[in-house]
Amino acid sequence: MGYIKLTVSINKDKKTNQYELSVEEVNILSCGITKNKAIEEAIDLIEETTKDYFENLKENLSIYKMKRLYPYYLELKDCSRSKIKNMLVIA
């Protein structure tokens, strides 16, 4: 597999004083008190959703919105946390 990039948007919510992070390609949203905590939370969620995606592969491939995520999850399937972190590109 080739190297993919995951686009990350980070904003600070003034009401909660937390950083909100979204990873567009795999529809992940996370938050944290610091940018680093929001990024670590996003990586946790990416790992969890990747595992879940393949546990329910047949169902996911039958849903158009989920099927289009297959190339991303296939690339993420065997990645270490550090490789996932390197894939994140802050927009």
Side-chain angles (χ1 to χ4, degrees):
M1 285 284 141
Y3 180 76
I4 63 168
K5 295 183 189 258
L6 301 171
T7 308
V8 175
S9 298
I10 300 178
N11 296 302
K12 187 164 186 179
D13 184 286
K14 292 181 182 181
K15 288 183 181 179
T16 64
N17 206 31
Q18 296 231 359
Y19 289 89
E20 298 173 339
L21 183 146
S22 67
V23 183
E24 181 180 321
E25 290 82 1
V26 289
N27 300 319
I28 296 290
L29 301 172
S30 70
C31 64
I33 295 173
T34 66
K35 286 181 184 180
N36 285 339
K37 291 209 183 254
I39 289 169
E40 291 302 317
E41 176 67 20
I43 293 169
D44 289 344
L45 291 169
I46 289 169
E47 289 177 324
E48 290 171 25
T49 56
T50 301
K51 180 180 176 191
D52 181 65
Y53 188 89
F54 284 99
E55 286 176 355
N56 300 292
L57 185 60
K58 185 176 179 182
E59 294 85 1
N60 284 323
L61 293 178
S62 69
I63 302 167
Y64 174 75
K65 282 185 169 184
M66 296 304 289
K67 185 177 182 176
R68 71 176 188 78
L69 299 176
Y70 180 75
Y72 295 102
Y73 285 122
L74 185 61
E75 181 74 21
L76 291 163
K77 185 178 179 186
D78 296 317
C79 286
S80 65
R81 288 183 69 81
S82 61
K83 185 170 180 185
I84 293 171
K85 192 171 187 174
N86 287 335
M87 291 176 177
L88 301 177
V89 177
I90 298 175

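Small disclaimer: the values here were computed from a predicted structure and weren't measured. FYI, side chains are in, hydrogens and waters are out, and symmetry mates aren't considered; it's all heavy atoms of this structure. In this chain, numbering begins with 1 at the start of the sequence shown.
Judged as a side chain to side chain donor-acceptor pair (under 3.5 Å), and not counting sequence neighbours, the contacts of Thr16 are Asp13. Partners of Asn86 under the side chain to side chain donor-acceptor pair (under 3.5 Å) rule, at least two apart in sequence or in another chain, do not exist in this structure. Lys5 is linked by a side-chain contact (heavy atoms from CB on, under 4.5 Å) to Tyr3, Val89, counting only residues two or more places apart in sequence or in another chain. In this structure, the side-chain contact (heavy atoms from CB on, under 4.5 Å) partners of Cys79, at least two apart in sequence or on a different chain, are Lys83, Ile84, Met87. For Glu48, there are no salt bridge (Lys or Arg N to Asp or Glu O under 4.0 Å) partners, not counting sequence neighbours. For Lys12, the side chain to side chain donor-acceptor pair (under 3.5 Å) partners are Asn17, not counting sequence neighbours. For Leu57, the side-chain contact (heavy atoms from CB on, under 4.5 Å) test picks out Tyr53, Phe54, Leu61, Tyr70, with sequence neighbours left out. Partners of Asp52 according to the salt bridge (Lys or Arg N to Asp or Glu O under 4.0 Å) rule, which considers only residues two or more places apart in sequence or in another chain, do not exist here. Shown here are the side-chain contact (heavy atoms from CB on, under 4.5 Å) partners of Asp78, two or more places apart in sequence or in another chain: there are none.
At a threshold of 4.5 Å between side-chain heavy atoms, the hydrophobic network of Ile, Leu, Val, Met, Phe, Trp and Tyr places Ile33 and Leu45 in two separate groups. Under the 4.5 Å side-chain heavy-atom criterion for ILVMFWY residues, a single connected hydrophobic cluster contains both Val26 and Ile90. The cluster map of Ile, Leu, Val, Met, Phe, Trp and Tyr, joined by side-chain heavy atoms under 4.5 Å apart, puts Ile28 and Ile4 in the same cluster.
Listed by first and then second residue, the side chain to side chain donor-acceptor pair (under 3.5 Å) pairs involving residues 23-39 are Thr7-Glu25 (not counting sequence neighbours). Sorted by first and then second residue, the ring-ring contact (aromatic ring centres under 6.0 Å, His included) pairs with a member in residues 10-33 form an empty list; sequence neighbours excluded.
Few gaps surround CD1 on Ile63; more than 12 heavy atoms of other groups in view lie less than 6.0 Å from it.
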